[in-house]
Amino acid sequence: MQHDPRLRAAARAIYDACYPTEEWSELSFAEAEKYATVQYRQAVDGALAARAILAAAGEQLALPVA
């Protein structure tokens with residue numbers, strides 16, 4: 001994850017969306033990453049799955065239009 005900043009950012013976005021407050025997870029994303037919690041691993045799995053779905057072979061992802 002440390003060598004792929006986009007994948008880490010995707011995992012963080014998923015983690016923050018799924019665990020938005022301390023009621024859902026007492027750890028921040030950085031802490032969950034450090035301790036490799038179940039929640040962190042689930043967010044990474046989600047990011048990997050999303051990357052596979054969004055980046056079909058030979059297809060370039062478009063940037064969102066603001």
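The structure presented is a predicted model; accordingly, all values stated were derived computationally and were not measured.
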Tell me, which pairs form a salt bridge (Lys or Arg N to Asp or Glu O under 4.0 Å) where one or both residues lie in residues 15-31, sequence neighbours left out? Arg12-Asp16
For residues 35-47, pull every pair meeting salt bridge (Lys or Arg N to Asp or Glu O under 4.0 Å), keeping only residues two or more places apart or in separate chains.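 Qualifying pairs: none.
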Can Val44 be reached from Phe29 by stepping across I, L, V, M, F, W or Y side chains whose heavy atoms are under 4.5 Å apart? yes
With clusters defined by side-chain heavy atoms of hydrophobic residues (ILVMFWY) lying less than 4.5 Å apart, directly or transitively, does Val38 cluster with Ile14? no
Which heavy atom of Tyr40 sits nearest to which heavy atom of Ala36, and what is that distance?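 It is CD2-CA, 4.0 Å.
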Can you name the nearest heavy-atom pair linking Ala47 to Ala11, along with the distance? CB-N, 3.7 Å
Check side-chain contact (heavy atoms from CB on, under 4.5 Å) between Ser25 and all other residues, then give those that pass, not counting sequence neighbours.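 Here the qualifying residues are Tyr15, Tyr19, Leu27.
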